[in-house]
Student: 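Input: one structure, supplied below.
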Amino acid sequence: MILCLLVQITRNRQGQPVRRESSIHGNAIQIGRGTNCKIRLLDHRVALHHATLALTQDGAIELRPEGDADVAINGVTVRDHAPLLPGDRVSIGPCLLVVDPSSVAPQILLTVEMKPEADEEKSSPPLTLAELKLSKRKIGFALAASILLLFMVLPMLPGFSADLDKWQSALPVTLNDAWSPGPLTGGHRVMGARCSVCHQQPFRAVPDEACTACHKQVGRHLADNELHRQLFKEVRCTECHVDHQGAKPTRDDSSRCVACHADIKAKNPKATVANVHDFSTDHPPFRITLQDGKDGRPLLRALQNQMPQEKPNLKYSHKVHLVAEGVSSPEGDTVMTCKDCHQVDPGGEHFVPMTMEKTCQQSGCHKLYFAEPVDIAVPHRSVPEAMNRLRKYYTQWLAETPANAAECKSMNSAANAAQQALDCAAELAQENAAESLFKEKIGCRECHEIEATDDKNEPWKVTPLKINQNWHANSVFPHIKHITTACTACHDKQGSNSSADISMPELAKCRECHVHDKPVRGKVSSTCDSCHRFHGEADVAK
């Protein structure tokens, strides 16, 4: 360990030396301008870490320059390292370090002083305004008047004249640039330098009317109008939406949300939603939106407490379609993935609705045909349309070969020939559809819930589908931002045999990647408005 007694010599105004001593020890002693250096040389010509005193294996002290730092011992430049001996004079920038001749390693007495030539340069007295025959008072008044004109009067002028405001907004440097605290957010850049669009009166806060003049479709936070007015009558738009912060959103932290929702009962005693302070610690469990099956009202249930069953009236097995070996297709065994059917919509939030023609039939895997002798495809639409096409075929079939009417089991001899043909076609169409499209476990019944009726025009009724398109109606989830994550990482559908199974991720799954709005290494910082919208008319009392 090096034991160093450091003597720093400075000069007072009279040129007399002033000594200051300090003790330093360590296996290595850094020399430089930085605060982490034990020997600090406060001059801009000295690097932050200029050199290092180190102890060699044989107990000697050597000087090691850092990088390309300029260091000289006794007038000889040191490039790599050199031993430091008693009596050596080390030049570092404008400073001179002298090793006391009585020093014996590892103890060293080091004196630091500015070089004489450097002192001579600094000894020159500065040039004063009086020597230049200038008046401090006149210069002060002139600078004050210039500042008042440039930074107070000129920025105010566009606020009093619309024509002047329009003219100055096209200048390379506008009159009110001096007042701008920063660039506008993306959506507000269309206004350019016309500050008066929002700042309608000088030295007055931006009124809410200036915001709602453009944002006319902004919704309320609460569905109850009176409660909304009570809670937010004193809250201005700009209290939450602070602009002039660059491209980032005007609201990018959760403090205002937590101010109310940390103790929501204090704001609204009727509220039943849970308190929340932080997404990572006490965010309440997710709730999903389902239809109750009676009058279409939404039904909310917590996933963590009970996994509900959906009733979409659709028979579908993800397990069959996602089998690892692949499913049979006209092109052989094909391994399917989620993206083969689920395509993100242009908005990036939800998915494009699936249809039989575009999603299932385009691959050639699913085709619907009537039974022999009818060799025509069935339109995947309504039951009456399918039956009309089948009756039309049999009507033409009987007209071409009247003898085929013998296949009809019952004929009304009292009716005329045309009516008999129509009755026969309807009978044959009914029998054909019963043996092909609407037979148990095949045809339409493979996917749909179907009931027989007494209506001759619509002998079977398909139960309408109720496909849930939005499981979290009061939140926002952009699937496009999660496109790099496998669907099965969040939705465990590979083993599901029923479309009634719900596979929505719980809160713990989101917390694997997302944290609160404070940055955490390896995690995604998320604010409240990453998933929630303040202007969404959510009713906190329900």
Student: Could you give the distance from NE2 (His532) to NE2 (His472), rounded to the nearest 0.5 Å?
Tutor: 10.0 Å

Student: Rounded to the nearest 0.5 Å, what separates atom CZ in Arg445 from atom NZ in Lys439?
Tutor: 11.5 Å

Student: Got a donor-acceptor contact below 3.5 angstrom from the Ser161 side chain to the Leu164 backbone?
Tutor: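 Yes, Ser161 side chain to Leu164 backbone: donor-acceptor pair under 3.5 Å.
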
Student: Begin from the C-alpha positions of His283 and Leu507 and carry the test side chain to side chain contact (heavy atoms under 4.5 Å, CB included) through to its verdict.
Tutor: CA-CA 8 Å; His283 192 286; Leu507 179 62; 4.2 Å; yes

Student: Please test Phe279 against His516 for ring pair (Phe, Tyr, Trp, His ring centres under 6.0 Å), starting from the C-alpha separation and ending with a verdict.
Tutor: CA-CA 5 Å; Phe279 177 78; His516 44 65; 9.1 Å; no

Student: Is it true that Arg229 and Glu226 have a side-chain N and a carboxylate O under 4.0 angstrom from each other?
Tutor: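 So Arg229 pairs with Glu226 through a salt bridge.
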
Student: Are Ser317 and Asn497 close enough that a side-chain donor and a side-chain acceptor fall under 3.5 Å?
Tutor: yes

Student: Roughly how far, to the nearest 0.5 Å, is CG of Asp208 from NE2 of His215?
Tutor: 11.5 Å

Student: Evaluate Glu446 against Lys315 for salt bridge (charged side-chain N to carboxylate O under 4.0 Å, His left out), listing each step before the verdict.
Tutor: CA-CA 7 Å; Glu446 282 192 90; Lys315 303 173 186 177; over 6 Å; no

Student: How about Ser180 and Asp177: does a side-chain donor come under 3.5 Å of a side-chain acceptor?
Tutor: no

Student: When you compare the side chains of Ser196 and Arg194, does any donor N or O come within less than 3.5 Å of an acceptor on the partner?
Tutor: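 Distance-only check fails for Ser196 and Arg194.
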
Student: Over 60° means perpendicular and under 30° means parallel, so classify the ring planes of His514 and His482, tilted if in between.
Tutor: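 Answer is tilted, since the angle falls between 30° and 60°.
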
Student: For His221 and Phe232, take the angle between the two ring planes, folded into 0 to 90°, and tell me which bin it lands in: parallel under 30, tilted 30 to 60, perpendicular over 60.
Tutor: perpendicular

Student: Is the distance from the ring center of Trp397 to that of Phe370 below 6.0 Å?
Tutor: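 Distance test on ring centres: not under 6.0 Å, no.
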
Student: Going by distance alone, is a donor N or O of one side chain under 3.5 Å from an acceptor N or O of the other, for Asp165 and Gln168?
Tutor: yes

Student: If you measure only the distance, is there a donor-acceptor pair under 3.5 Å linking the side chains of Ser496 and His318?
Tutor: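 Judged by distance alone, the side chains do not pair up.
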
Student: Just by distance, no angles: are the side chains of Asp243 and His188 close enough, under 3.5 Å, to form a donor-acceptor pair?
Tutor: yes

Student: Return yes if some donor-acceptor pair links the side-chain N/O of Ser530 with the main-chain N/O of Thr527 below 3.5 Å, else return no.
Tutor: yes

Student: Any chance the side chains of Asp345 and His350 put a donor and an acceptor closer than 3.5 Å?
Tutor: no

Student: Without hydrogens or angle criteria, can the side chains of Tyr393 and Asn432 be said to hold a donor-acceptor pair below 3.5 Å?
Tutor: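 No pair is found: no donor N or O on one side chain lies under 3.5 Å from an acceptor on the other.
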
Student: Is there a donor in the side chain of Thr453 and an acceptor in the side chain of Asp455, or the other way round, less than 3.5 Å apart?
Tutor: no

